A.B. asks: 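The structure that follows is given in the form of structure tokens.
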Amino acid sequence: MKAQSNLERVFAAGHFAVTGELGPPRGADAEVIKEKGQYLVGLVDSVNVTDNQTAVVRMASMAVCRLLLDMGLEPNLQMVCRDRNRLAIQADLLGASALGIKNVLCLSGDHQKFGDHPQAKNVFDIDSMQLIATCKKMRDEGKLINEHELEGVPHFFIGAAANPFADPFDFRVTRLAKKIEAGVDFIQSQCIYNMDKFRTWMQQANDLGLTEKCYIMAGITPLKSVGMARYMQKFVPGLDVPEEYIARLKGVEKKEQGAEGIKIAIEQIQEMKEMKGISGVHVMAIEWEEKVEEIVTGAGLLPRPEVS
Amino acid sequence: MVVGESKPIEEILAMVADFDKILLTGCKGCVTVCNAGGQKEVGILASALKIARKKEGREIQIDEVTLERQCDPEYIDQLEEPINNNSYDAVVSMACSVGPQYIAARYEDLLVFPALNTTFIGGSLEHGVWAEFCQACGACGIHNFGALCPIARCAKSLLNGPCGGSSGGKCEISPETDCVWHLIYDRMNRLGQLDKMANVVMFKDWTTSRDGGPRKIVREDLKQ
Ligand code: SF4
Ligand code: SF4
């Protein structure tokens, strides 16, 4: 065991893991975290806390992670390279560990161009691959990037994202292999809608033996409506929403579209449970946390295992 | 070359609003090549400013001179004559932003203004289109990336791209912007070097870049 986080223990015991996601508020109100977090208690093994997601300023991920710990939820600290240099990143990692945070998700971060402060200077001193290596070096060697020995070593279960739907497709599995080489323990994929493409990517990962080397979680985001599906299809780079699902949503009455989206998500999870190399699902119900229960119940993922 | 473009005329008009006599200086170097601050553009800007001021009912005298280069003290000497023989309210430079700083260093009591926005180190793609190619990181490593620069040309300066936002050869920031990492992939593929792309590229040392403080090159072999 590398970090003894609940998520790591669930994987290690051979269970199909479930993670959720919580987007911090654009304000200082801790009550919002309690409300949103409440929807996830008992339903997931760990909760990702986004870090200035889509380059919009929100309450600090690390602070929200600590609030979740106080509620008995295990957080997964998302950290982007856009907003901090190697000094700040390492300092934050040490602080996160001291606060009891055991999972970290290493990301490059969306460019600030479409965020709420497009005038900002971005950092990108290091990239997501190097951030993974930083976490690993701190944990396994007890050293900072500059070889300085740490007094007190942070123990992280190291995660990263993978997007099988970005281009060039043939390189995607190589990039996954690079993240594993850099030191990743688990991967959460981008939201999956194009199941055929995802199966092909997983096949490649299995063939290269990558699924033996890290835990791969399939990213699931329920579609709320035809509008949301179209938006994701057209405007979110690196997201692939096939017409088939849009047709299914269109096939029901407008007020039933959300329910149909949840049905699709549940079917996807059922398939993921059977897919070789998939160790869990990452359910990202964006601003729809209250529906996570319905999804995980429908997919037969409850109760969550208690692993010591 | 250094690529620049003219500031909006309104901005330049506001800079010279209080003046009646200025010297407008062009440069025959990079900014002539990128059609931003050569002799021709000096003439065009001078006419535009004069017309605008005439409309306002307050004419302005603008003398024009275009130097060999403005980034070399030797050529700044060419300003001695016009500046010493006239009492200019200000000098407006159409060189890259090195030029106005050289002029300001030479003439301590003279107001100096930049007429260009110095934009990037780049080249032309077609007539009237320029793009950025280098960020002057001070330790060129493009041979590791198919001779394409990820630092200047990837929106996130990633050394292990392409990121998850790469779509159809374009960058997540705009359908108009190529994803340089897609180009790197294609080129490495053609060169039979895809195996190189499987290696994790570790931390870059930015001390040679601007992050190490303002930079200077001293060539002992050339110093006198
Ligand atoms: S690696 Fe550095 S020096 Fe070379 S092109 Fe890129 S920014 Fe310029
Ligand atoms: S899409 Fe390509 S160019 Fe844009 S940030 Fe990602 S890797 Fe860099």
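Keep in mind it's a predicted model, so treat the numbers as computed, not measured. Chain identifiers are assigned alphabetically (A, B, ...) following the order of the sequence lines, protein sequences preceding nucleic acid strands; residue numbering begins at 1 within each chain.
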A.B. asks: If I measure from the heavy atoms of chain B, does A/A177 come under 4.5 Å with its side chain, its backbone, both, or neither?
C.D. replies: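 Neither part.
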
A.B. asks: I would like to know whether A/D110 and A/Q53 meet side-chain hydrogen bond (donor to acceptor under 3.5 Å, both in side chains); could you show each step before the answer?
C.D. replies: CA-CA 7 Å; A/D110 297 320; A/Q53 193 175 19; over 6 Å; no

A.B. asks: Give, as side chain, backbone, both or neither, the part of A/N163 having an atom under 4.5 angstrom from any heavy atom of chain B.
C.D. replies: side chain

A.B. asks: If the threshold is 4.0 Å, N to carboxylate O, is there a salt bridge linking B/E172 and B/K156?
C.D. replies: yes

A.B. asks: Looking at A/D240, A/L239, A/I145, which makes the most heavy-atom pairs under 4.5 Å with chain B?
C.D. replies: A/I145

A.B. asks: Can you tell which part of A/F171 gets under 4.5 Å to a heavy atom of chain B, answering side chain, backbone, both or neither?
C.D. replies: both

A.B. asks: Should A/E243 and A/R230 count as an ion pair when the cut-off is N to O under 4.0 Å?
C.D. replies: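 Yes, this pair counts.
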
A.B. asks: Check whether A/K113 gets within reach of chain B through its side chain, its backbone, both or neither, counting any heavy atom under 4.5 Å.
C.D. replies: side chain

A.B. asks: Is the side chain of B/S209 donor-acceptor paired with the backbone N or O of B/T207 at a distance under 3.5 Å, no angle test?
C.D. replies: no

A.B. asks: Taking only distance into account, with no hydrogens and no angle test, what donor-acceptor pairs under 3.5 Å do side-chain atoms of residues 190-201 of chain B form with protein atoms, sequence neighbours excluded?
C.D. replies:
none

A.B. asks: What part of B/Y185 gets closer than 4.5 Å to chain A, counting heavy atoms only: side chain, backbone, both or neither?
C.D. replies: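 Contact with chain A involves the side chain of B/Y185 alone.
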
A.B. asks: Heavy-atom pairs under 4.5 Å with chain B - which of A/R86, A/R172, A/Q190, A/K179 has more of them than the others?
C.D. replies: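 Option with the greatest count: A/R172.
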
A.B. asks: Measure distances from A/Q130 to the heavy atoms of chain B and classify the residue's part below 4.5 Å as side chain, backbone, both or neither.
C.D. replies: both

A.B. asks: What part of A/D170 lies closer than 4.5 angstrom to a heavy atom of chain B: side chain, backbone, both or neither?
C.D. replies: both

A.B. asks: Report which part of A/R82 has an atom under 4.5 Å of a heavy atom belonging to chain B: side chain, backbone, both, or neither.
C.D. replies: neither

A.B. asks: Counting only heavy atoms closer than 4.5 Å, note whether A/D125 contacts chain B via side chain, backbone, both or neither.
C.D. replies: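 Answer is both: backbone and side chain atoms of A/D125 are under 4.5 Å from chain B.
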
A.B. asks: Give me the atom names and distance for the closest heavy-atom approach of A/C81 to A/V123.
C.D. replies: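 Result for this residue pair: O-CB, 3.9 Å.
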
A.B. asks: Any salt bridge between B/E176 and B/K170, counting N to O under 4.0 Å?
C.D. replies: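 Judged by the 4.0 Å cut-off on N to carboxylate O distance, B/E176 and B/K170 do not form a salt bridge.
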
A.B. asks: Taking the side chain as C-beta and beyond, is there a heavy-atom pair between A/I216 and A/F186 under 4.5 Å?
C.D. replies: no

A.B. asks: Measure the CG-CE distance between B/N160 and A/M129 for me, rounded to the nearest 0.5 Å.
C.D. replies: 4.5 Å

A.B. asks: Any idea which of B/G161, B/C179, B/P175 has the most non-hydrogen atom pairs under 4.5 angstrom with chain A?
C.D. replies: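 The candidate making the most pairs under 4.5 Å is B/G161.
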
A.B. asks: Between B/S157, B/C163, B/A155, B/G165, which shows the greatest number of heavy-atom pairs under 4.5 Å with chain A?
C.D. replies: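 Among the listed options, the one with the most contacts to chain A is B/C163.
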
